[in-house]
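Just so we're clear, the structure is a prediction, and the values are computed from it rather than from any experiment.
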Amino acid sequence: MKYVNAPVRKKDAMALVTGQPVYTDDLAPADCLIVKVLRSPHAHALIREIRTDAAQKVPGVACIFTWQDVPNKRFTYAGQTYPEPSPYDRLILDRRVRYVGDPVAIVAGEDEVCVDRALKLIKVTYDVLEPVLDFRKAKDNPILVHPEDDWKTLCQVGADNRRNLCASGKDAKGDVDAVLAECPYVVEETYHTKANQQAMMETFRAFSYKDVYGRLNVVASTQITFHVRRILSHALDIPKSKIRVVKPRIGGGFGAKQTSVAEVFPAFVTWKTGKPAKMVFTREESQIASSPRHEMEITVRLGADQGGRIRAIDVHTLSNTGAYGEHGPTTVGLSGHKSIPLYSRADAFRFTYDVVYTNVMSAGAYRGYGATQGIFAVESAVNELAARMHMDPAHLRQINMTREGDVMPAYYGETANSCHLEGCLTKAKEMFGWEEKFPSKDMGNGKVRGVGMALAMQGSSISNVDTASVSIKVNDDGFYSLMIGASDMGTGCDTILAQMVADCMDCDMENIAVYGVDTDTSPYDSGSYASSTTYLTGMAVVKTCETLRTRIVKEGAKILKCAPEEAEFDGKGVHCLADPSRFVTLKDLANEAMCANDNALFATESHYSPVSPPPFMVGMAEVEVDLETGKTELLDYVAVVDCGTVVNPNLARVQTEGGLVQGIGMALYEDVVYSSQGKDYSNSFMQYKLPTRLDIGTIRVAFDSSYEPTGPFGAKSIGEIVINTPSPAIADAIYHATGKRFRSLPITPERIVMEEGR
């Protein structure tokens, strides 16, 4: 391999550092109507009357739409493969508003000034209803968030809108209660993770226009280009054939843009008026009306024998999907299916869950997608078990962790065909100096240092569901065009896939032109989510290259007048095996194929996987806590990742570091806070605290690579797993420093000082 496993510079590096216009708002036509929405001030209400007459008279206002103007057809914003597990519970505008920030009216005008003025002149009379704000009281509450008769689900996920249930389910093996009764050591605790915002630099945004054929064209910052086309078709009630969606450069997504938050509004305006339209969310809108991580409360029971062998794991998750059900039925599954299998040698496990509707902003996808919450709970419980047994938590994990070849019953019965988790732990302990630092050290000045650790696993795509496709063609002079349907959202997938093509086709990276997603011309891809691109789309690349090489050999053999089986392609051209002097270059072959040829030098292949091989990770944290003020400083964080073959070490390292920072923010800083009336107080970065470079100490990353037989070049995913270890590791480090056990996040200085130790 020349390019795979090499630190190749990103394809778009120069465009980004030189400030080229590559993002959605850079590309929007200058004459776009500016689109904004009036948002509900109430958590739960029925609209009795909307008066827009004064607003319509504002100069420059082009149109105003209310719930009476939109199709009465429910759909979901969730970017998932059809049929979506998420319920169809939305309208573009609804008479019933379900959270503070829910859209009430759409206003489009020539500029922001006139639109803002019109929004202030719209008069709405509400019948205010009592909201359901406590997700612990939502199930079977007499107050229904979705009482409508046309609410529906396409999949059986245990949903019942008459019980405020978005989903419910159970998975189990063995008799958990009986095994726990036999265990001398049992931990039973409840852990609480609150909503978190993805806080990507580029807020939600999209623009739309009609082309000369009357088709609706939508350009959006999205991870789910093909799913957006389907979502718009359902929402606007128009055929998919009349919609084209294009994804330019994305300024960050982290799962937020796996939900179609903004696209429907400018698309509806353009469809109704025929004029180009643009919507750009403010930061406040992105904070209060978006798709944050699901709040979850997870109860864990762990039982171990005298030697420390974990014999039973029982997990129950209560998940808060908010006002709408995007990703509610699917995120919750990962809270158990991506945490319990870390200890797959247990005799019994049980995983149950409920996902409930409430009158707060609806949740969605965020890096880690439910596994983050579940791993915080299960890994925290394992740390508590170690403390109760007076055992080093690293040793407890060495006794129990999943190893290569193990069957993982709680992970859909898959086998861990590639797992270097044990090697990751050994390397992490050595890098970190675990033996010297564990458990704590009194610095003698009111400050104490403590250490903690955690394991994590994730997945590589959604098995037996998601599909990736790639097209490659040979152009004049023999350079390649690589057309993909996966969305590069800053992760570098355009570069990584080109690295694979270069090695498969024995060519230089400069010989490959990569084209981003356009639903009219790109091959179908489910999208950039579920840690799927390197693993799933990468295998589509390998298969496509194999097909294309066969076609190149066939065309070359025809020119050389020999049988295809007697010819070989070496990247530079085709030669006859019997007589290597008979040779045609790829440049000449490509040019000759442009005339009198019936063998197109073009290939498209698709790939799906019946398995989702998990990457594994070990994280270790060292904190210093000021016992008087509660101030917590993260001094050192070591992460060792098994993501199979590392395709691009530079990009993998940056991915890991970025995910760790987000996990650190979840553990120590980030908090979505609501008022007693359901208003989101965390509506800016002044209130919603994000860690800066000064807050994250030293982060050290290493890789311990297994080889995944079902992945391209042995690769697995890395995109999501990297966010999962900081919260349990930091929580345990704080425990070792303070003696206080915190089972809810974030762990702020105020809580450290004011809360009693538990």
Do the side-chain N and O atoms of [X] and [Y] include a donor-acceptor pair separated by under 3.5 angstrom?
| X | Y | value |
| --- | --- | --- |
| Thr604 | Ser471 | yes |
| Thr358 | Asn320 | yes |
| Tyr82 | His227 | no |
| Gln80 | Thr330 | yes |

Donor-acceptor check, side chain of [X] to backbone of [Y], threshold 3.5 angstrom: yes or no?
| X | Y | result |
| --- | --- | --- |
| Gln197 | Gln287 | yes |
| Ser487 | Gly527 | no |
| Ser86 | Ala78 | no |
| Lys11 | Ile512 | yes |
| Asp680 | Tyr674 | no |
| Gln499 | Val647 | yes |
| Asp518 | Ser522 | no |
| Ser609 | Ser612 | no |
| Ser40 | Asp102 | no |
| Asp12 | Ala15 | no |

Basic-acidic side-chain contact under 4.0 Å: [X], [Y]:
| X | Y | result |
| --- | --- | --- |
| Asp89 | Arg74 | no |
| Asp671 | Lys194 | yes |
| Arg249 | Asp26 | no |
| Lys73 | Asp237 | yes |

If you apply the rule side-chain hydrogen bond (donor to acceptor under 3.5 Å, both in side chains), what do you find for His234 with Tyr88, and how did you get there? CA-CA 10 Å; His234 288 169; Tyr88 279 28; 3.2 Å; yes

Checking salt bridge (charged side-chain N to carboxylate O under 4.0 Å, His left out) for the pair Lys278/Asp25: CA distance, chi angles, key distance, verdict? CA-CA 8 Å; Lys278 177 179 73 172; Asp25 202 22; 2.9 Å; yes

Enclosure of Arg9 CZ (heavy-atom neighbours >12, cutoff 6.0 Å):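 Count not over threshold, so no.
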
With a 6.0 Å cut-off (strictly less than), is the heavy-atom count around OH of Tyr669, excluding the residue itself, greater than 12?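 Correct, the count exceeds 12.
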
Test item: [X] and [Y] side chains (from C-beta on) under 4.5 Å apart, heavy atoms:
| X | Y | result |
| --- | --- | --- |
| Lys36 | Leu119 | yes |
| Tyr681 | Val673 | yes |
| Glu84 | Thr81 | no |
| Leu236 | Ile92 | yes |
| Leu216 | Arg244 | no |
| Val269 | Leu33 | yes |
| Lys210 | Asn217 | no |
| Asp525 | Ile484 | no |

Chi angles and distances behind the salt bridge (charged side-chain N to carboxylate O under 4.0 Å, His left out) call for Asp31, Lys275: CA-CA 9 Å; Asp31 60 345; Lys275 298 179 180 179; over 6 Å; no

Could you go through the side chain to side chain contact (heavy atoms under 4.5 Å, CB included) check for Glu657 and Val701 one step at a time? CA-CA 7 Å; Glu657 291 171 350; Val701 175; 3.9 Å; yes

Could you check Gln198 against Arg367 for side-chain hydrogen bond (donor to acceptor under 3.5 Å, both in side chains), going step by step and ending with a plain yes or no? CA-CA 8 Å; Gln198 297 88 347; Arg367 191 180 207 164; over 6 Å; no

Using the side chain to side chain donor-acceptor pair (under 3.5 Å) rule, collect all pairs that involve residues 256-267, keeping only residues at least two apart or in two chains.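 Applying side chain to side chain donor-acceptor pair (under 3.5 Å) to every pair that reaches into residues 256-267, excluding sequence neighbours, yields Glu202-Lys257, Ser221-Lys257, Thr259-His327, Ser260-Glu263.
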
With Arg229 as the cation and Tyr524 as the aromatic partner, state whether NZ or CZ is under 6.0 Å from the six-membered ring centre and within 45° of the axis.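 No, Arg229 does not sit over the ring of Tyr524.
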
Distance to the ring centre below 6.0 angstrom and angle to the axis at most 45 degrees; does that hold for Arg90 and Tyr324?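 Judged by the rule (NZ or CZ under 6.0 Å from the ring centre, within 45° of its axis), Arg90 counts as positioned above Tyr324.
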
List the atom of Met279, the atom of Pro266, and the distance in Å for their closest heavy-atom pair.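 Scanning both residues completely, I find the closest heavy atoms to be CB-CD, 3.9 Å.
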
If you compare all heavy atoms of Gly711 against all heavy atoms of Met539, which two are closest, and at what distance to 0.1 Å?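 So the two residues come closest at C-SD, 3.5 Å.
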
Output, in order, the C-alpha distance, side-chain angles, deciding distance and verdict of side-chain hydrogen bond (donor to acceptor under 3.5 Å, both in side chains) for Ser531 and Glu720. CA-CA 6 Å; Ser531 301; Glu720 292 181 275; 2.7 Å; yes

Please report the interatomic distance OG(Ser290) to CZ(Arg283), rounded to the nearest 0.5 Å.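 Ser290 OG to Arg283 CZ: 9.5 Å, rounded to 0.5 Å.
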
What distance do Thr372 atom OG1 and Leu334 atom CG have between them, rounded to the nearest 0.5 Å?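 Spacing of OG1 (Thr372) from CG (Leu334) equals 8.5 Å.
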
